[in-house]
There are 2 protein chains.
Amino acid sequence: MEVKKIFLPESEMPRRWYNVMADMPTPMEPPLHPGTGQPAGPEDLAPIFPMNLIEQEVCQDRWVDIPEPIMDKYTIWRPSPLYRATGLEKALGTPAKIYFKNEGVSPAGSHKPNTAIAQAYYNKIAGTKKLTTETGAGQWGSALSMCCALFGLELKVYMVKVSFKQKPYRRLMMETWGGKCVASPSTETAAGRKILEQNPDSPGSLGIAISEAVEIAVASDDTKYALGSVLNHVMLHQTVIGLEAQKQMEMAGDYPDIVIGCAGGGSNFAGLAFPYIRDKVNGKDIEIIAVEPTSCPTLTRGPFAYDFGDTNQMTPLLPMHTLGHTFVPEPIHAGGLRYHGMAPLVSQLVMDGLIRTESIPQTETFQSGIDFARSEGYISAPETNHAVAMTIREAKKAKDEGKEKVILFNWSGHGFVDMAAYEAYMLGNLSNHELPSDEIKRALSDIDALPKPKQYKAGNL
Amino acid sequence: MEVKKIFLPESEMPRRWYNVMADMPTPMEPPLHPGTGQPAGPEDLAPIFPMNLIEQEVCQDRWVDIPEPIMDKYTIWRPSPLYRATGLEKALGTPAKIYFKNEGVSPAGSHKPNTAIAQAYYNKIAGTKKLTTETGAGQWGSALSMCCALFGLELKVYMVKVSFKQKPYRRLMMETWGGKCVASPSTETAAGRKILEQNPDSPGSLGIAISEAVEIAVASDDTKYALGSVLNHVMLHQTVIGLEAQKQMEMAGDYPDIVIGCAGGGSNFAGLAFPYIRDKVNGKDIEIIAVEPTSCPTLTRGPFAYDFGDTNQMTPLLPMHTLGHTFVPEPIHAGGLRYHGMAPLVSQLVMDGLIRTESIPQTETFQSGIDFARSEGYISAPETNHAVAMTIREAKKAKDEGKEKVILFNWSGHGFVDMAAYEAYMLGNLSNHELPSDEIKRALSDIDALPKPKQYKAGNL
C-alpha cells in the first residue's frame, strides 16, 4: 500500500525558524517613518509591538531558536501532515506527483496559529495584558483568539464589516475562545468614525481595520497590536511549514520541481516557500509560484513602491507591491486575499526574480476546490483554492508535456466556515472581475507623493 | 518535551474490524419482520441493503478483513491521532491523565466516514448506482456524500427539517461533494406527505427521514439505503477507532481506567468502546461509559424493547433501548444525539452490565466544550461535548479522590459548522429540558402492542 500521509514525529520538529533575510541577493530597503519619511527605528514601533518582536522584525540571523513554551503549544497541531494527492492525480490523469502540506489541522483550521502562538507568547513575557488586531475573512482573528486563550491574554478583533456579516461562524469561534470581535469600521475609534462619516455603508477593508486596531494599541501601555501577515517576524514564524515539508519530502523520497502557495499578505506562501528559496539561492532548480486573485492583483499588477500598511496612514511606509492603501476589492470577490499590499520580503524576492507570480479568476478557483473535494475529500478555504487551481494548471501542463513533475503546494486551510461562498459559486452567482487599469490607477494615485524605493518599479496596468 | 500526539504509522493500521458479537455474554435476539413479527431473514433486508452488507449484519466472526480499496480510502484521514489533553488536565488541576482520539480530522469532520466509506464500497461492488439516506445534524449525510464522491455513486439525503434550516453549511458540504439534500418531511415520498398532512409544520425527526429514504430505496432496483448508525455492520466498521486507540495507548505506555463516548445511535461510542469491551469480558478492570443528553435519554430512561427504527414502521423491529418510534426531542435541544432508539449491540451490552450509562443536560455540555476549547484549542461538535463533559466530571472526581486515573474519550468531531449552537449557549438562550415521565410514556405507548424481547426491561420513568 502506497503511503498517503507523511507524518513527522514531534521529536523531529524544527527547533529554529528560518530567516530568509540572511540569504537574499538584494538587501531589504528599510521601513520609513510615516511622518518624517526617514528610516524607522525600533522606537517607532515600540508603541504597538513589544521589543522582543521588534528585534525579530529586524533580525538578520539565518536561524532563530523557537522558545520551548512555543514548541509546547505547537504540538497541539504540529507537525502538520504532508499528503500525497493521489486521488487528484488519478482524476487529472497526470504523470505529476502532487503533494500538499495540510495546515488545516490546526484548531483554528489554517496556518495562522503558527505565528499567533508566537506573538501571544512574546507579548505575554513582555508584560502585555491585551492584544488588538484586525481580521478579514476571520482566519487570523480566530487563530489569535485561540492562542490568546492558551496564554491568558485579552483580545479585541476589528473584523472587516462585509466579512463580519458574511461569516458569523468565524466571529463565534473568536468568542468561543474568549476574544471580543467588532465590525470595522466601528464607532470605537477616531479612524473608524472618520470612515463612517465619509461613507456610513463602508464594507470595511483590512487597511481600515488595521487603523482601528493600531489606534487602540497606541492609546494604552499594556495593550499591543498583532498583525497576521506582511511583517518580517510573521514570515519568520511561518517557516515551520516549509522546514517540516523539507523533512517530509525527504522521507517521501522526492524533491519538488514546483512549490505553490496562495498569497494575500504573503504569510502562508512564505511559510512554505522561504526554506525552498534558500535551496534556490544555493543552486537548486525549482520554480516557486505565488498565486493571487485577479480581483486583488497586488503582485501581478501593482507597482513595487513605498506604501502604508493601513488606510489611515498610521503605520510605517513599507517597500512592497501594493495597489494603494485606499484600495478595496470589489464586493463580488467572495474569498479572502483582499489586502492591498504584500509582505516586503515576498515583494523583494519577486523583484529579484526568485518567485513567479500568477493571478487566477475566482470561478476557476472554486471549481478547482470542488474537483479537489470530490477526489481528495477535503474542502479547502477559498483562499487555498487559488493554490489548488494553480496546482491543477501545472499538473495538466505536466500531462500535456508528458513530464513527471513533482508539485508541492500549501493547503493553507479548510473551508468548513466558508460554505456560503461555495453556495454562491454553485448557484452561479459568482463572476470574475478583471480590474480596469483606471481603477487601479485611481487607488495608486494616493501613493504618488510618497518616497520611492531605490528599486521602484511601475505596475502592470 | 512530553509527546502530545501519538501517531500510528499507516503501515500499522488495523487490517480487520472487530465484531463484538463473538464475545458477548448474552446472544443477540433477532430482528423481527415488521409485518409478521417473525425473525427477519436476509431476504427481508435485500430490498434496501446489498447482500454483502446483510451478510456482515449477521456475521458472528470475531474478525472481519477490511478490503484493500477501503484501506486505501481510510488513509485519507486514518489512522487518526491520539491526543494527550495536557492543557485540559492543567486547567482542571487533576491528577488524571486524559487522552482523546481525534476523529475530527476526517474530511467530513467526524467519525462517520469510517462506515460511510465501507458502505459506499460494498454498494459499489454490488452494482448499486444510487444511495439514499437520512441525516439529523448533517454529519452522516455529509460523510456519505464525501464517500459517494470518492466511489462514484449518486446520493440523495433526507435531512431532518429543523437541522436543514439551522445548519445550511452541512447541506452545502453535501452539495459540494455532489450529493442531493432535501428537507424531511418532504413531499417526495408517501411517508413524508403523510406526516405533512398531519402536521405541515413538523420539524422532522430521524425516524421520519429514515422512512422517506427507505421508501425511495425500496422503489428502485439499483438504489439502496445506507444507515449511519444503529446497525451491527455500522458498529463493526467503526471499531477501527478503538483498535487504533489500543495500539496508540500502548505506544503511550498507558491503559485506560475509563473509556467514554457520547451516544446517539451508538456508533462513535461503539467504535471506541467495543475493542475495550473485549478486554473487559476477558477480565480487565475498566469502566466504559456511554453519555447521552437528558432531553433524549434513550439508554438511561427508555425500556429495552422491540421497536421500529423509523417512524413509519417500515424497518424490521430491533431489540433495543428506545423512547418509542414517534419520539421527537424538544426543539430546545441544540445538539445532535436525537435518535429515539439505540444500537441493539450497545443496548444488549448495557443489559449485560458491561456499559455504564449517563445523561447530561445541554448547558453543562456546551460549557464543557468552551472549557475544552480554551485549554486544548479544539472546538468540539455539540454531540462530542457530551463526552467532554463526562470526562471533566470524571477528571474532577479523580482530583477529589486523589486518584491517578487514565481516561480515554472519543473526540468524535469538530464544531466548525455548529457555531450557531454555541452562540445560542453564549447568549444564554439554551436551557435544559428534563423530560417529564408522561411525555416519555406517551411516546412509548406506541410500542405497547409490539412483541417483547425475552430480556424485556421497563424504562426508568
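Just so we're on the same page: letters track the sequence lines, and every chain starts at 1. We use all heavy atoms of the structure for the numbers below, so side chains are in, but hydrogens, waters and symmetry mates are not.
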Relative to chain A, which segment of V105(B) carries a heavy atom at a distance below 4.5 Å: side chain, backbone, both, or neither?
-> backbone
Comparing E376(A), R171(A), M146(A), M173(A) against chain B, the one with the most heavy-atom pairs below 4.5 Å turns out to be M173(A)
Euclidean distance, S375(A) OG relative to E89(A) CD, rounded to 0.5 Å | 10.0 Å
Any idea which of G377(B), G109(B), A149(B), A91(B) has the most non-hydrogen atom pairs under 4.5 angstrom with chain A?
-> G377(B)
Please state whether the side chain, the backbone, both or neither of S106(B) comes within less than 4.5 Å of a heavy atom of chain A.
-> backbone
From I66(B) CD1 over to I117(B) CD1, what is the distance, rounded to the nearest 0.5 angstrom?
-> 12.5 Å
Tell me whether the centres of the aromatic rings in W411(A) and Y83(A) are closer together than 6.0 Å.
-> no
Locate the shortest heavy-atom distance separating F151(A) from A120(A); write the atom from each residue and the value.
-> CD1-CB, 3.8 Å
When you measure from the side chain of S145(A) to the backbone N and O of G141(A), does any donor-acceptor pair fall under 3.5 Å?
-> no
Kindly compute the distance separating OG1 (T133(A)) from CG (L144(A)), expressed to the nearest 0.5 Å.
-> 5.5 Å
Which one, V417(B), D418(B), I370(B), leads in non-hydrogen pairs under 4.5 Å with chain A?
-> V417(B)
Under 4.5 Å heavy-atom distance to chain A, tell me which part of T176(B) shows up: side chain, backbone, both or neither.
-> both
Do you know which of E175(A), K5(A), E423(A) has the most heavy-atom pairs under 4.5 Å to chain B?
-> K5(A)
Which bit of F7(A) is near chain B, if near means a heavy-atom gap under 4.5 Å: side chain, backbone, both or neither?
-> side chain
One should read off an interatomic distance between K130(B) NZ and L153(B) CG, to the nearest 0.5 angstrom, of 11.5 Å
What part of Y422(B) gets closer than 4.5 Å to chain A, counting heavy atoms only: side chain, backbone, both or neither?
-> side chain
For chain A, which of P113(B), P9(B), G178(B), C147(B) has the most heavy-atom pairs under 4.5 Å?
-> G178(B)
